[in-house]
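Notes to accompany the following structure.
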Amino acid sequence: MSRGIGVFDPIQATIPEWAAIVVALVTQLGDIWFLAVLLGVLYWRRPCERGEVLVVAGLGLAGFALITTLKYTFALPRPAHALVELEMLSPTVRPLYEFTGTASGYGFPSGHALVTTVVYGSLAARLSLWTLRRRLLAAGTLVTVVCLSRVALGVHFVVDVVAGIGVGLAFLLAVMRLPAGYPDDEQTVVFAVAAALSVAAVIASSATLDSILVLFGSLGAVVGWRLVGRERLAAVPESR
């Protein structure tokens, strides 16, 4: 049996053709650009929790490096069953769908599943917005919706997204204990973890552009935080 475990085709069959672009837009909730914008907005809107947002950003970088390493280690293909063929879409919708609803490269585990689990899960654990129960419910809902959209679009098998969630949760359980041991400098710890995993990603992927970018991003975050960030954050009064 394939990585679709028998439910891949039924999931796709429930999505009407007209809803393909909606599913493609929904999957952006787990895309790197959206997560970056979300963290930027939270950093700006919640100045008293900027340190927490930076920890989440570091965990997100580490998660991206981890998924890059895993994808190139397993080197398993994506499904060959797209939700809708590009030729069947109107010329006005086709470019948007091609940008948001298609994917290339290796498929296992799902990067969207892993990174959204890491980012939304750590936001739920670390921010003080709402209650913990509501934050966990929101995080679980977002991760589930993103994962279902990846399967529906035909860019991942069910096993891919389940593995992505599992690895993301295991990663959070293992890594979130490290910053707790350094309460005065949690950001340095997570940025250093991201940098170390980025080195592994560069090696595993034979230095692809994405792996190099996340390596430089992680190293830049470590240096920038040590030189400038800590002093600026210290000037912001804490509310927790």
Side-chain angles (χ1 to χ4, degrees), residues 28-68 109-147 161 164-198 214 217-226 228-240:
Q28 298 303 296
L29 294 171
D31 214 59
I32 295 298
W33 75 266
F34 180 84
L35 296 176
V37 170
L38 174 63
L39 293 176
V41 170
L42 289 172
Y43 184 87
W44 173 55
R45 295 287 295 175
R46 301 186 68 80
C48 293
E49 291 189 300
R50 285 177 176 172
E52 305 291 346
V53 175
L54 288 173
V55 170
V56 175
L59 291 171
L61 280 172
F64 187 75
L66 176 60
I67 194 62
T68 301
S110 165
H112 278 66
L114 191 153
V115 176
T116 53
T117 298
V118 169
V119 173
Y120 290 131
S122 55
L123 282 174
R126 301 191 68 91
L127 293 190
S128 60
L129 183 68
W130 306 328
T131 64
L132 176 60
R133 182 177 180 179
R134 289 183 63 186
R135 294 197 305 271
L136 290 174
L137 178 61
T141 301
L142 287 168
V143 172
T144 300
V145 168
V146 169
C147 289
V161 297
I165 293 173
V167 173
L169 289 173
F171 173 76
L172 279 181
L173 291 174
V175 176
M176 284 188 70
R177 296 179 181 180
L178 296 177
Y182 303 86
D184 296 328
D185 202 2
E186 294 179 303
Q187 294 77 15
T188 297
V189 176
V190 293
F191 290 148
V193 170
L197 289 174
S198 298
V214 74
S218 302
L219 292 175
V222 173
V223 174
W225 172 252
R226 298 292 295 181
V228 179
R230 289 189 302 174
E231 288 74 11
R232 290 188 176 181
L233 190 64
V236 179
E238 294 288 343
S239 64
R240 299 181 64 186

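A quick note: this is a predicted structure, and the numbers were derived from the prediction, not measured.
- The minimum heavy-atom distance linking Gly140 with Thr144 is given by the pair O-OG1, 2.8 Å.
- The shortest heavy-atom contact between Ala194 and Ala62 is CB-N, 3.6 Å.
- Between atom CG of residue Leu169 and atom OG1 of residue Thr117 there is a gap of 5.5 Å, rounded to the nearest 0.5 Å.
- Nearest approach of Ala195 to Leu219, heavy atoms of both residues: CB-CD2, 3.9 Å.
- At least one donor-acceptor pair under 3.5 Å links the side chain of Glu49 to the backbone N or O of Ser128.
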Applying side chain to side chain contact (heavy atoms under 4.5 Å, CB included) to Leu39 and Leu123, what does each step give before you reach the verdict? CA-CA 9 Å; Leu39 293 176; Leu123 282 174; 4.0 Å; yes
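- Atom CZ of Phe191 and atom CG of Leu59 lie 9.0 Å apart (nearest 0.5 Å).
- Counting only heavy atoms from C-beta outward, the side chains of Leu61 and Val190 never approach each other to under 4.5 Å.
- When every heavy atom of Arg126 is checked against every heavy atom of Val56, the shortest pair comes out as CD-CG2, 4.2 Å.
- Rounded to the nearest 0.5 Å, atoms CZ (Arg50) and CZ (Arg45) are 11.5 Å apart.
- The nearest pair of heavy atoms linking Leu129 to Arg135 is O-CD, 2.8 Å.
- Note that CG of Leu132 and CG of Leu127 are 11.0 Å apart. Values are rounded to the nearest 0.5 Å.
- Residues meeting the salt bridge (Lys or Arg N to Asp or Glu O under 4.0 Å) test with Arg134, sequence neighbours left out: none.
- The two residues Pro109 and Ile67 come nearest to each other via the heavy atoms O-CD1, 3.6 Å.
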Taking it one step at a time, do Leu35 and Phe64 satisfy side chain to side chain contact (heavy atoms under 4.5 Å, CB included)? CA-CA 12 Å; Leu35 296 176; Phe64 187 75; over 6 Å; no
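- Annotation: side chain of Leu66 is in contact with side chain of Val167 (closest heavy-atom distance under 4.5 Å).
- Evaluation of the side chain to side chain contact (heavy atoms under 4.5 Å, CB included) rule for Leu142 yields Leu29, Tyr120 as partners, not counting sequence neighbours.
- Going from atom OG1 of Thr141 over to atom CG of Leu136 covers 10.5 Å, rounded to the nearest 0.5 Å.
- Between Trp130 and Leu137, the closest side-chain pair of non-hydrogen atoms is not below 4.5 Å.
- Between atom CG of residue Leu114 and atom OG1 of residue Thr68 there is a gap of 10.0 Å, rounded to the nearest 0.5 Å.
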